[in-house]
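To start, the structure under review is shown below, and the notes come after it.
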Amino acid sequence: MKPEEQSAGVIEEEETAEAPEAEREVREGDLPEDEERRLLDKTWGDKPGFRGWLASTNHKSIGKRFIITAFIFFLLGGILAVLMRIQLARPENTFLGPDLYNQIFTMHGTTMMFLFAVPVMEAFAIYLVPLMVGTRNIAFPRMVAFSYWIYLAGGVMLFVFFILNTGPDVGWFNYVPLSGPEFSPGKRINVWTQLVNFTEVSALGVAVAIITTIFKQRAPGLSLHRLPVFVWAMLVMSFMVVFAMPAVTMSSVLLTLDRLVGTHFFNPAEGGDPLLWQHLFWFFGHPEVYIILIPALGYIASIIQTFSRRKVFGYTALVLSMLSIGFISFGLWVHHMFTTGLPQLGSSFFSAASMMIAIPSGTQIFCWIATLWSGRPLFRSPLLFAIGFFFTFIMGGLSGVMVASASADLQLHDTFFVVAHFHYVLIGGAVFPLFAAFHYWFPKFTGRMLNEGLGKLTFWLMFTGFNLTFFPMHQLGLEGMPRRVYTYLPEMGWGNLNLLATTGGVVLTLGVLTFIVNALSSRRRGARAGDNPWGADTLDWGTTSPPPSYNFLRLPVVQGREALWARTEDAPFVEGLRSDCREVLITKTLDAEPDNKMVLPSPSLWPLVMALAVTATLIGVIFTPWALPAGMIPAAIALIGWGWPKRRDERCERKRVEEMSSEERRKEAARAQ
Amino acid sequence: MKKGSATIDVTGLPEFAFGNRGLMWWGVVGFLAIETTMLVTCFASYFYLRDRATDWPPPPTLLPDLLIPTVNLGLLLLSVVPIHLVSRAARRLDKRRALIWMTVGITMGIAFVAIRALEFRALNVSWDTNAYGSIVWLIIGVHTFHLASEVVETIVITLILAKGHTEPKYFVDLTDNALYWYFIVAIWIPCYVIVFLAPRFL
Amino acid sequence: MRAVGSKLRKRGWWQPALTFSFFILELAFLSGCRGAQSALDPAGPQAARIGRLWWLMFYVCSAVFLAVSIALLIAIFRERKGREKKKGDEPDTSPEPKRERLMTRIVAGAVGLTVVILFVFLITDFFTGRALYSHADPQALTIKITGQQWWWDVEYETEPASSIVHTANEIHIPTGQLVKFRLTSTDVIHSFWVPNLNGKKDLIPGHEITLTFQADRAGEYRGQCAEFCGYQHAHMAFTVVAEAPEKFYEWMNRQRAPSVEPTNDAERRGQQVFLSSPCIMCHSIRGTIAGGRIAPDLTHLASRKSIAAGTLPNTRGHLAGWITNSQEIKPGNHMPPVPLGPEDLQALLAYLESLK
Ligand code: HEA
Ligand code: HEA
Ligand code: CUA
Ligand SMILES: [Cu+2]
């Protein structure tokens, strides 16, 4: 070992045993099947022990971690919601004071949006997209590992500060000037801006990895027009992340600068403008809600297709609808600002754009109804949740169209009507699909079936509880109850509906608890699932449950849009990838012709080290701007360690250029252009 | 898995590829998109704030100087030449040429970062004077941040190559890095126009 | 797989029935709501316009919801009749083209209908917006509202400027006239909202936004801050008192006058207490040296129905509680507790109560 690699060796995973194959290349088909499986598992699996766990770069390990972490944040956010509901159950309740209530609703919104909804969608993509496109790992696995750590660190930081009574307290969109240096001294808002930075860094890294995986790592034959709707959804979501999240990162930078070094972006006295914040935030914030919705539509697409036992009706329409929702959603942000005194014509434009989005949304709904209509629906809990999605999402979408009307929104804006709208679309349009997805993919994740009876109970409790909680809020809003009030006077007459909502919240909680019980008990004792318990069509069901670390013994070759349904008895498969190296097949962007191969990086602790360095920097910035330059140094060191070539990876690499003859070099170069 | 059924044998496929045939290129382009969006957000904020003000720059703030920024712009544009040559050499797996031009490029990059310090003074305004000062500092600051990290990154991959890690994939990295460099140069043009020229005629 | 599937097809008729009746119930919920702070009980043309738009959207959307729900329920349950039983659970990868074409046409029709409905909404919305933006004639009464953390500063912009009416948290307007509000803020963003009279508009520092409305019915309409503005956003209400023009102008004249002179010893002592305590740094009482501008004007405090931005009725007891420790009543508000002896307090209360 050279000295500079010795220090790296502390952090890098040591090679566990001398690989006897080290000298000889081992390719698929060279060994008997069980030996080959062992070798593949050694190549792709996590290294043993806690350190191996920390260093993992396997998309399924990271994906599972991501999902569980996001679900825990959902529970925390939900507990905060229940606290709010208790406070609002009666007028002039004193369960929570204003200070705590303000922190709690901010924490609830922030947790649900930044730490639950977006990450959980990305987490499903991390787990499922490589399986569905038929490859062995996600692109840039170290970056994905880093994204997980940084996300975890951000979430933990937020809750630690909250427990220390320094939780942000001005709402999840953090309007200036209230969040500016003058009206929010102290560190609370800095915690919020840094949390945003943590989660955006994480989301952006994952988005780039997903886009690359989808474009370059598809199994042969999986051309774009055969891509499952689920994968399209994840692709659209990732693109939206790439173009929306930078805006909120930038706005949180501006606010941090205003707060820490005295810039004047939002200070009207020095030429700044509070409305600039709103534009920047909502330019992100509106696409954000579709970033949450579109993956959920992807789950629904998979589930409807599987359980109506027919190929989905209107594939092209579904894909085009998703794409157009993606595009249009960047042109509607002003509908959150109808009350800020815009000129009428401007408002009308954004009203029109907002309503326009009902067209692709409706198209999807109609296509799915047609699918169910002409299919033979099988009533299992995933489908039940999907049907719950239809009722609630349509209701939420219709109230969305109502608030999209600039004139009606003057009454409805910032009232509980809007709270009702967005819980209908968020819980109806994202949480129900997510629970559908949990019920649907649980067998794939764990190899065990969830208990069907408990699954149905979960659904009915959640569905009833949800409607009891949020339906009355429409009426509360119309009766004049503003949102974000910690209490209200008895003579306002809002008490009973609020009590009803709180009761519903209890039922909803029971539903979530039932699910937890079901998941925990089925994980060990559930019926064995088999590879494809639902008779589904996508490639993820074409391997064992849970999938092996290398996903597929042989990469499949896709023969039709519904990959498994179209698979023939003598289906071809891919052969010739190395079994002793993390080699993946790279295919052409449009038609997925095999093109070249690449060796993915090995497990490493550097992403974790990097995440720690970035975490220290970001938390430092809460207290002093100097943390930024100071933090650059460890971050740069970690980045170099991350990228520096490792000896044992080179085993899988091509010959060095120096060792090639010039003839060979020319040939190699020509092949690679 | 039964052997003998139809298979697609990928044994002979190339193990590295330049441009959009490789994974790394997509990663770089993804981050370019992200960073472009960030800078465009800054530009949009600039014009928004301009629109809110009556005079630009708001008196008594002076116009920015032009000399040093223009010299620096020229230098940056010039740096495209060595980087292009690096990219060309890399595509031919020519280590020697790649290293030579890389060194030239890095030298220009360092010079550029050094002159950048003077450029901040050429703004004639501090970030905490008014919103105008804040936004021009921000634009240059964000660009400098990217520029500096790109120079560091370039140094690191040059070192990797110089240390004898000359597997073909590091040559692919050189071309992807060149792409990033082009981006840094290209995006500076609107930055320059907005920060140094726009106040003269807005 | 197959066996599981067919077993699952057994299900109770009550499930869809339950779902469905639930939604019918929900829709029935919304009719007939009344209240002193309700968008569904308009008291003027602006709120009525929005109300009409709302009801249009409500009925149309309810119909859409019902139609889509029924289609969905049929889609799910029609297969019970036993069609295509033979095929079992084998996936159908090449659906019958004739039916597909028919369904394509139906889906396209539904999308087309969606477009039409949206157009109707949009156009109605546009004309509603036009009606709301129509400007009051320049002679109309103009009231400047300045939002402050957590109360409302109210100035009637009448000529001459020296006799301007300055009050807080209670806005009187004449019925049957369009009134114009100029909205701004000196600290954070608030939002001015009287649901019975019109939609809300924000008060944004550095901006001035206008809102006009008219009350046709005399009455008291409660309004409340609708944009989160910190600690006491929940307690930032106000009242709009719409009264016949004669009564309104009487009120104006009373408000325009400086504060009444104390008439008895207690009040005189109370005035002394007021003027010699920190109160004057923040509050003003016209006709005395108290000229603070950062807290509600108290010149005619006793004429107002509530104190602390609609939090408490204006009674002697509540005033006493407020002055001794307003932080208990409205935690975090910007008025510090002012320690006063019991006699001083009683005198002060007597004085404040005299400020009709
Ligand atoms: C998953 C999240 C999600 C989704 C999908 C949506 C979907 C929509 N939203 Fe929503 N929205 C939020 C999350 C979401 N929203 C959140 C979180 C907020 C509040 C943020 C905050 O202030 O904290 C918000 C706020 C919000 C506002 C601002 C309200 C205000 O603050 O005053 C507006 C205004 O236009 C709006 C509109 C819409 C519209 C038009 C849709 C459309 O996409 C809906 C389209 C769907 C349908 C219409 C149903 C299906 C269609 C049919 C069955 C066809 C037939 C239909 C017709 C004929 C109409 N939303
Ligand atoms: C995806 C997003 C999401 C989700 C899922 C939810 C879920 C819920 N929300 Fe959410 N909400 C928002 C996003 C979301 N919310 C946002 C963005 C805001 C705006 C914030 C702002 O104004 O800034 C908001 C605001 C908001 C308000 C308005 C506050 C106000 O304006 O004053 C209310 C009030 O009732 C509320 C209630 C609820 C309830 C009851 C749930 C329920 O569905 C929660 C259900 C979950 C549970 C009940 C958890 C179950 C817990 C357990 C079972 C415990 C088990 C424990 C262990 C095993 C340890 N929310
Ligand atoms: Cu003022 Cu809310
Ligand atoms: Cu929106």
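Protein chains get the first letters and strands the later ones, always in sequence-line order, with residue 1 at the start of each. These numbers come from a predicted model, not from an experiment.
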OG1 of B/T41 to CG of A/L254, rounded to nearest 0.5 Å, is 9.0 Å

Within residues 48-59 of chain B, contacts to chain A at heavy-atom distances under 4.5 Å involve B/Y48, B/L49, B/R52

Just checking B/W127: does its CH2 atom have more than 12 heavy atoms from other residues, nucleotides or ligands closer to it than 6.0 angstrom?
no

Hits for side-chain hydrogen bond (donor to acceptor under 3.5 Å, both in side chains) against B/T61, two or more places apart or cross-chain, chain-then-number order -> B/N130

The complete set of ring pair (Phe, Tyr, Trp, His ring centres under 6.0 Å) pairs with one or both residues in residues 139-159 of chain B, sequence neighbours excluded, reads B/H143-B/W188

Nearest heavy-atom contact between B/I160 and A/P645 is CG2-CG, 3.5 Å

Under 4.5 Å to a heavy atom of chain B? For A/F265 that would be both

Turns out that what part of B/V10 lies under 4.5 Å from chain A's heavy atoms comes down to both

Per-residue tally against chain B (heavy atom, under 4.5 Å) across A/G205, A/G271, A/A672 peaks at A/A672

When the 4.5 angstrom heavy-atom criterion is applied to A/I586 and chain B, the contacting part is side chain

Okay, A/V557 and chain B: the region with an atom under 4.5 Å from a heavy atom over there is side chain

So CZ of B/R92 and CD of A/Q673: to nearest 0.5 Å the spacing works out to 9.0 Å

* Take B/I34 and A/T249, measure what side-chain contact (heavy atoms from CB on, under 4.5 Å) needs, and give me the verdict at the end. => CA-CA 10 Å; B/I34 291 166; A/T249 310; over 6 Å; no

Honestly, the part of A/T589 sitting under 4.5 Å from a heavy atom of chain B is side chain

Ordered numerically, the heavy-atom neighbours of chain A under 4.5 Å found in residues 14-29 of chain B are B/P14, B/E15, B/F16, B/A17, B/F18, B/N20, B/R21, B/L23, B/M24, B/W26, B/G27

Highest number of heavy-atom pairs under 4.5 Å with chain B among A/M143, A/R27, A/H264, A/M660 belongs to A/H264

Cut-off 4.5 Å, heavy atoms of chain B, and the answer for A/P594 is both

Rounded to the nearest 0.5 Å, the CZ atom of A/F283 sits from the OG1 atom of B/T37 at a distance of 8.0 Å

When the 4.5 angstrom heavy-atom criterion is applied to B/I157 and chain A, the contacting part is neither

When the 4.5 angstrom heavy-atom criterion is applied to A/E668 and chain B, the contacting part is both

- [ ] Answer whether the closest heavy-atom distance between the side chains of A/L257 and B/L138 falls below 4.5 Å.
- [x] yes

Honestly, the part of B/T129 sitting under 4.5 Å from a heavy atom of chain A is backbone

dist A/R665:CZ -> B/D94:CG (nearest 0.5 Å) comes out at 7.0 Å

Rounded to the nearest 0.5 Å, the CG atom of B/L13 sits from the CG atom of A/L585 at a distance of 6.5 Å

### Query
Is A/M250 close to B/V142 at the side-chain level, that is, under 4.5 Å between some pair of heavy atoms?
yes

Comparing B/S149, B/S126, B/S45 against chain A, the one with the most heavy-atom pairs below 4.5 Å turns out to be B/S45

If one checks every heavy atom of B/V172 against chain A at 4.5 Å, the contacting part turns out to be neither

Between the OG1 atom in B/T11 and the NZ atom in A/K597, the distance rounded to the nearest 0.5 Å is 6.0 Å

If you tally heavy-atom pairs under 4.5 Å between each of A/T212, A/T263, A/V574, A/D595 and chain B, the highest tally belongs to A/D595

Whatever's closer than 4.5 Å to a heavy atom in chain B on A/V261 counts as both

Interface check, chain B: of A/V253, A/D258, A/V241, A/L275, most non-hydrogen pairs under 4.5 Å belong to A/L275

Turns out that what part of A/M632 lies under 4.5 Å from chain B's heavy atoms comes down to side chain

Max heavy-atom pairs within cutoff under 4.5 Å with chain A, candidates B/A33, B/G30, B/P168, goes to B/P168

Bottom line for A/F215: the part with an atom under 4.5 Å from chain B's heavy atoms is side chain

